[in-house]
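The structure appears below as structure tokens.
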Amino acid sequence: MAKMATLDIEGKKYELPIVEGTENELGINIKTLRSDTNGVVTLDPGYKNTGACESAITFLNGEKGVLRYRGYSIEELAEKAHFLEVCYLLIFGELPTENQLNKFHNDIKAQSHVDEDVKRILDGFPKAAHPMGVLSSLTSALVAFNPSSVNVDSEEDMYKAIVKILGKFPVLTAWTYRKRMGLPLDYGGDSLGYVDNFLKMMFKKPNGEYATNDIVLEALDKLLILHADHEQNCSTSTVRIVGSSHAGLFVSISAGIAALWGPLHGGANQAVIEMLEAIKADGGDTKKFMAKAKDKNDPFRLMGFGHRVYKNFDPRAKIIKKAADSVLEDLGIEDDILDIAKALEKEALEDPYFVDRKLYPNVDFYSGIIYRALGIPVEMFTPMFALGRLPGWIAQWREMRLNKEPIGRPRQIYVGETLREFTPINER
Ligand code: CMC
């Protein structure tokens, strides 16, 4: 028998169906609440209790610290898969066969050129501009050069838009970095893998050959997999809601990049390193900063700690912490902020403030330490997150369009002035 919930509003009862997910999650379906009750809506600032959609892409259990893409555990994917396979898995639902993966990669490569005029737009930005702002603008500008990608009435149109953005986005990310560094803009090479090609576009010296560094490649590939999707987070919800107006994939992604930029979301990876550097510059007294984080009169927060959904270890943070140790060792790098990070983690995990609020290190706590070891400058950390999250945004946008979801348009409870008369300016 279908599960039902009963809602009592001032003595009047309403039966609401309960939706059950494949992992036994329950959601009260309030689709007809407003019409049945003559105007009552639910109020949930920050959507802490609201399921915005049914999705078959990513499963997350924040209490148990579980994360799966299309049913596969993040631990297994990080160990055994490559980023491009994970892109395919997230977007199309199944792991690709070798032929499917080759075709997918070839289709992406065929679309990886960016109109030369985009360079002129890039030139208009000051060198010091934050790469996330530049990247969001350039991604949006892609529409002007690819107008046919806006309307996607068929799966074939969708596929074309998807391979275009997967091809062009790494180019834009690398160009954003090179422009900042005063380096000539470069295209990669068709013979390289997706992530290796990105590394080449980023780091090839104007006067030198590019040689793959397997340690760097493997570490970056793993980081991108770990960031690839995280169900209905702030940027993904943004992508879905912008896309729900049928605005097109590129601008939806551009909006997602803007949402990811904030320090409470993807921008935390940059904020963590800046915080660790500040602690180091201040003499390395972690206890002092722990006290600041707990002081409600101090705006300081322990960046890289806490999560809206995880009330346990973020499984991605566990993998990244282990990877940070081995990447630094393999590359022969000593970074004393790794020690500061570990000391902060240890103190936080034993501190009642953090324990009671179930605040654990999240994906951003250790990722910056690896990016830094790979030679990626701090302002590029959040663009790296964006590159990793790209397949997740695409998969969620595609699912939303295929499910023919209605335009996203929340309600509100109005608390402003009631009707009043206009006062002419000379009488105010
Ligand atoms: N340092 C100190 N106190 C914290 C922290 C922190 N990092 N995070 C949460 N709290 C406290 C918060 O003050 C509140 O305390 P109280 O109940 O006494 O008012 C309680 O914990 C609950 O926090 P919240 O802000 O209501 O929780 P939220 O779900 O709205 O916010 C969060 C989640 C990630 C925005 C928040 O934990 C935070 O600001 N963390 C630091 C920024 C960060 O690392 N963000 C990256 C998130 S993971 C990557 C991603 O997916 O984007």
Side-chain angles (χ1 to χ4, degrees), residues 44-50 57-58 60-63 65-67 69 74 132 223-240 255-276 278-279 286-321 341 344-345 347-371 378 381-393 396:
D44 185 21
Y47 310 119
K48 291 192 177 194
N49 306 281
T50 296
I57 301 169
T58 288
L60 210 169
N61 182 326
E63 276 69 38
V66 170
L67 174 61
Y69 299 159
I74 191 65
M132 285 299 274
L223 279 177
L224 296 177
I225 291 174
L226 293 175
H227 286 88
D229 195 49
H230 214 234
E231 49 116 305
Q232 308 312 316
N233 55 81
C234 179
S235 57
T236 301
S237 302
T238 303
V239 170
R240 279 185 94 122
I257 297 167
L260 187 73
W261 189 359
L264 298 189
H265 192 11
N269 57 13
Q270 176 176 341
V272 168
I273 289 290
E274 287 166 353
M275 173 188 79
L276 295 174
I279 297 175
T286 48
K287 292 205 167 47
K288 177 174 158 189
F289 285 83
M290 286 291 289
K292 274 166 75 62
K294 293 187 283 181
D295 180 356
K296 292 286 170 204
N297 297 316
D298 189 324
F300 177 80
R301 279 194 165 196
L302 195 55
M303 298 313 286
F305 255 78
H307 198 276
R308 169 61 60 80
V309 184
Y310 290 121
K311 303 300 166 200
N312 199 326
F313 270 97
D314 179 336
R316 303 167 301 173
K318 276 196 205 167
I319 300 171
I320 294 182
K321 183 182 177 186
L344 275 176
E345 180 188 336
E347 280 167 41
L349 292 178
E350 289 165 0
D351 190 303
Y353 174 96
F354 288 86
V355 174
D356 292 351
R357 289 170 180 75
K358 298 194 168 77
L359 301 171
Y360 290 85
N362 60 48
V363 68
D364 292 321
F365 195 63
Y366 288 104
S367 64
I369 294 175
I370 306 188
Y371 288 137
V378 69
F381 290 2
T382 318
M384 302 311 294
F385 191 153
L387 182 67
R389 185 55 54 88
L390 183 62
W393 288 333
Q396 301 272 352

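Counting convention: from 1, in listed order, for ligands and their atoms alike.
- Interatomic distance, H265 NE2 to F385 CZ, rounded to the nearest 0.5 Å: 5.5 Å.
- In terms of protein heavy-atom proximity, atom 24 (P) of ligand 1 is closest to R301 NH2, 4.2 Å.
- Those atoms of ligand 1 with a heavy atom of L264 less than 4.0 angstrom away are 39 (O), 45 (N), 46 (C), 47 (C).
- Looking at ligand 1, you won't find any N or O of K311 less than 3.5 Å from one of its N or O atoms.
- Checking only distances, R316 never comes within under 3.5 Å of ligand 1, N or O to N or O.
- Note on ligand 1: N233 sits outside its first shell, no heavy atom being nearer than 4.0 Å.
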Tell me, with the steps shown, if L260 and W393 meet side chain to side chain contact (heavy atoms under 4.5 Å, CB included).
CA-CA 11 Å; L260 187 73; W393 288 333; 4.0 Å; yes
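- Here the closest non-hydrogen pair linking G256 and T238 is N-CG2, 4.2 Å.
- Between H230 and Y310, the two ring planes are tilted [angle within 30° to 60°].
- Close N/O approach between M303 and ligand 1 is not found [any backbone or side-chain N/O within under 3.5 Å].
- Using a 4.0 Å cut-off to heavy atoms of G304, the atoms of ligand 1 that qualify are 43 (C), 44 (O).
- Using modelled atom types, no side-chain atom of Y366 and backbone atom of P361 make a donor-acceptor pair closer than 3.5 Å.
- Looking only at protein heavy atoms, the nearest one to atom 40 (N) of ligand 1 is F305 O, 2.9 Å.
- Atoms of ligand 1 lying under 4.0 Å from at least one heavy atom of V363, given by number and element, are 49 (C).
- Looking only at heavy atoms of the protein, atom 19 (O) of ligand 1 is closest to K296 NZ, 3.6 Å.
- Q232 and Y47 form no side-chain donor-acceptor contact under 3.5 Å, judged by distance and modelled atom types alone.
- Between F385 and ligand 1, no pair of N/O atoms sits closer than 3.5 Å.
- Below 4.0 Å from some heavy atom of G266 lie the following atoms of ligand 1, by number and element: 52 (O).
- No N or O atom of F354 sits closer than 3.5 Å to an N or O atom of ligand 1.
- Put simply, NZ on K292 and CG on D298 are 4.0 Å apart, with the number rounded to the nearest 0.5 Å.
- Classified by interplanar angle (parallel below 30°, tilted 30° to 60°, perpendicular above 60°), the ring pair F300/F289 is perpendicular.
- Of the protein's non-hydrogen atoms, K48 NZ, 4.4 Å is the one closest to atom 27 (O) of ligand 1.
- Between the side chain of H307 and the backbone N or O of D314 there is no donor-acceptor pair closer than 3.5 Å.
- Near A293, the atoms of ligand 1 lying under 4.0 angstrom from a non-hydrogen atom of the residue are 2 (C).
- For atom 1 (N) of ligand 1, a protein heavy-atom neighbour is found at a distance under 4.0 Å.
- The main-chain N or O of D364 is never found under 3.5 Å from a side-chain atom of N269 such that the two would form a donor-acceptor pair.
- Rounded to the nearest 0.5 Å, atoms CG (D356) and NZ (K358) are 8.5 Å apart.
- With hydrogens and angles left out, the side-chain atoms of D44 and T50 include a donor and acceptor closer than 3.5 Å.
- Ranking protein heavy atoms by distance to atom 28 (P) of ligand 1, first place goes to R308 NE, 3.7 Å.
- By the 4.0 Å heavy-atom criterion, Y353 is counted among the residues contacting ligand 1.
- In summary, the side chains of Q396 and T236 do not present any donor paired with an acceptor at a separation below 3.5 Å, with no hydrogens or angles considered.
- Atom NZ of K294 has more than 12 neighbouring heavy atoms from other residues, nucleotides or ligands inside a 6.0 Å radius.
- Considering only non-hydrogen protein atoms, atom 50 (C) of ligand 1 sits nearest to H265 ND1, 3.5 Å.
- Atoms of ligand 1 lying under 4.0 Å from any heavy atom of A268, numbered from 1 in the order shown and given with element: 43 (C), 44 (O), 45 (N), 46 (C).
- The protein atom (non-hydrogen) at minimum distance from atom 10 (N) of ligand 1 is L359 CD1, 3.6 Å.
- Close N/O approach between N362 and ligand 1 is found [any backbone or side-chain N/O within under 3.5 Å].
- Atom 22 (C) of ligand 1 is not flagged as protein-proximal [any protein heavy atom, distance under 4.0 Å].
- Among all protein heavy atoms, the one lying closest to atom 34 (C) of ligand 1 is G306 O, 3.7 Å.
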